[in-house]
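Lettering follows sequence order; numbering is per chain, from 1.
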Amino acid sequence: MTTRTRFAPSPTGYLHVGGARTALFCWLQARKEHGVYMLRIEDTDLERSTPESVQAILDGMDWLGLDYDEGPIYQTDRFDRYAEVTQQLLDEGKAYHCYCSKERLDAMREEQMAAGIKPRYDGRCRERTEPVPGVEPVVRFRNPLIGQVAWVDRVRGRISISNEELDDLVIARPDGSPTYNFTVVVDDWDMDISLVIRGDDHINNTPRQINIYEALGATPPEFAHVPMILGEDGARLSKRHGAVSVLQYRDMGYLPEALLNYLVRLGWSHGDQEVFSVEEMIELFSIDEVNRKAAAFDFDKLNWLNQHWMKTLPPEQVAAHLPSHFESQGLDPAQGPSLPDLVRVQAERVETLEEMAAQSRPFYEEFADYDAGAAKKHLRPVAEEPLRAIRAALEAVDDWTPEVLDRAVRDTAEALELGMGKIAQPLRVALMGTGMSPSIDLTLWLVGRQRTLVRIDRALEFIAARAAARG
RNA sequence: GUCCCCAUCGUCUAGAGGCCUAGGACCCUAGCCUUUCACGCUAGUAACGGGGGUUCGAAUCCCCCUGGGGACGCCA
């Protein structure tokens, strides 16, 4: 039997990182077993589902590269099918109409809670034969009263619960619209899903669903409940922890390769290996090896992985993500070095693409002022001679490459009998406005000849002006 | 409250009775490298929640406690 998995988000918000990890696990398991991975949009909650959310989910999946073989299938397109199955259950006496008012149900729930017992529907309409005039009923599933429901979860192992803990759940509202626990079963059954991978907040729904499968005469799929992702403080991940939507990670400058690598290691491991390419994940991942413990999100580690992948992936591939970050920084990539060259130099110096764009500003446009501390320390009269010398040397360079530039700086330092620092630091401040930048040869290379000469002149003028001001 | 689930360094994890004086990674600290900042390299700090069992032997198996999470909707 071929493995068939599905990711089934409800479009009531963005694609959450927790959801993204679930999607990743579904995708990996299907890819590894040469099975089918499908996307299903669970939009039965007409009130809260939005087209924007659907788009956000699709965009998120796309950015991560989690391509699906079937779908997206929308549950709202399948209402006829749900109605059909509901009717079948009704006809077979496996479901019944319930006329109880919400008020009665709410009051009952409160009483039960107060009495210290688990709130459950009391089954008042379970044996009712006559309709209540003027009341549109809901349809409830007739859950078995006795016995146990058990399954062997692919990540949790055996889980069992007594039917006495369960009650008759609503499968269709008064307007006929179906509810979650029912649609999932019908869909997974119709779509021949063999392995349901989902968050462990669904563990409690599973026994109810298994009972429905059985009433339908269907064989339940296998289940794998993966632990949730917690915020850095150990509390359930939510908006207040900063980024929850995968698209936010994209906008913050993370590579999809890095997020995927980070996410796959949350709850799963392969010995001591920390770095996984997507190909390796597919080869090595197994849902059966996933942890049972919830994991806290750690930005430090994500940052480390992001830098790792920025340094490791082909510069062209990394560079392809850069334009949107240049845009958010108000920079024009056309006004400076090629993006792949920039990546080659900057990848080891920053943790995100957004940071890379921000720190590359002087390569693409004029900087306003010198960093006060750096200027005070390095743009002094004593730097005048070295700057003039290096300017002359650089002007004569015809092959503007890191190797040649490095040679030029070294030769100049030697000729003046100065240490590298005495010439590189003033030059660095002249070129970048600050005392921090890539090694001087690479800095020169990226700044380019034109800007280099202009900026050295500017620094020389600055030194002269400051000396004059001092009198 | 009731039911279900979980429990190794601050964090992610290795560990499936002796290989554990508990390993790796991130973070942090120190040193090295060095023209700055980074990168890299080396070293270091740091954990089996508690109590009972089982066993010659327990981080690993069982029970209890404690702590955490989840569910209990005409949300998904």
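- With 3.5 Å as the limit, one finds no donor-acceptor pair spanning the side chains of A:D298 and A:Y262.
- B:C26 and B:C39 are spaced 11 Å apart, taking the P atom of each and rounding to whole Å.
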Per-nucleotide protein contact string for nucleotides 15-33 of chain B, where B marks a base within reach and S marks sugar-phosphate only (heavy atoms under 4.0 Å, - for neither): --------BBBSS------
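- Ring orientation note: the planes of A:F297 and A:Y249 are tilted relative to one another, at an angle of 30° to 60°.
- In a base pair of the Watson-Crick type (N1 to N3 plus N6-O4 or O6-N4) or a G-U wobble (N1-O2 and O6-N3), with each distance short of 3.5 Å, B:U42 is matched with B:A30.
- Nucleotides B:G67 and B:G50, compared at atom C1', are 10 Å apart to the nearest Å.
- Using bins of under 30°, 30° to 60° and over 60° for the plane-to-plane angle, the ring pair A:F223/A:Y213 lands in the perpendicular bin.
- In this structure, B:U2 and B:A71 make a Watson-Crick or G-U wobble pair, each of the two defining distances being under 3.5 angstrom.
- Nucleic acid contact for A:T44: sugar-phosphate only, since backbone atoms but no base atoms lie under 4.0 Å from a heavy atom of the residue.
- Among the protein residues, A:D175 comes within range of no part of the nucleic acid, since none of its heavy atoms lies under 4.0 Å from any strand.
- Not less than 6.0 angstrom separates the ring centroid of A:F7 from the ring centroid of A:Y68.
- For B:A76, its base never sits under 3.5 Å from the side chain of A:D43 at any donor and acceptor pair.
- Straight-line distance from the CZ atom of A:R198 to the P atom of B:A76: 13 Å, rounded to whole Å.
- Between the side chains of A:Q346 and A:S360, at least one donor-acceptor pair of N or O atoms lies under 3.5 Å.
- Distance check on atom C1': B:A16 versus B:C61 gives 11 Å, rounded to whole Å.
- The nearest whole Å value for the distance from the CZ atom in A:R428 to the P atom in B:U34 is 15 Å.
- Note on A:K102: a base of the nucleic acid sits closer than 4.0 angstrom, heavy atoms only.
- Residues A:H225 and A:R198 have side chains that bring a donor and an acceptor to within less than 3.5 angstrom of each other.
- The closest side-chain donor-acceptor pair between A:Y370 and A:H378, if any, does not fall under 3.5 angstrom.
- If you check every strand for non-hydrogen atoms under 4.0 Å, A:G199 touches nothing.
- Taking atom C1' on both nucleotides, B:U11 is separated from B:A47 by 12 Å, rounded to a whole Å.
- Atoms CZ (A:R344) and C1' (B:A38) sit 19 Å apart, rounded to a whole Å.
- Taking atom C1' on both nucleotides, B:A22 is separated from B:A58 by 13 Å, rounded to a whole Å.
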Considering only nitrogen or oxygen atoms on both sides, find all protein atoms under 3.5 Å from nucleotides 59-67 of chain B and state each distance.
none

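- Nucleotides B:U29 and B:U45 have their C1' atoms positioned 8 Å apart, rounded to a whole Å.
- Atom name C1', nucleotides B:A43 and B:U35: the rounded distance is 27 Å, in whole Å.
- Taking atom C1' on both B:A25 and B:G69, the two are 26 Å apart, rounded to the nearest angstrom.
- B:A7 is paired with B:U66 under the criterion used here, namely a Watson-Crick or G-U wobble arrangement in which both key atom distances are under 3.5 Å.
- Contact between the side-chain N/O atoms of A:K293 and the OP1/OP2 oxygens of B:C5 is not found at any separation under 4.0 Å.
- Taking the six-membered ring wherever Trp is involved, the centroid distance between the rings of A:W268 and A:F276 falls below 6.0 Å.
- Checked for salt-bridge contact, A:D167 and A:R208 meet the test: a charged N lies under 4.0 Å from a carboxylate O.
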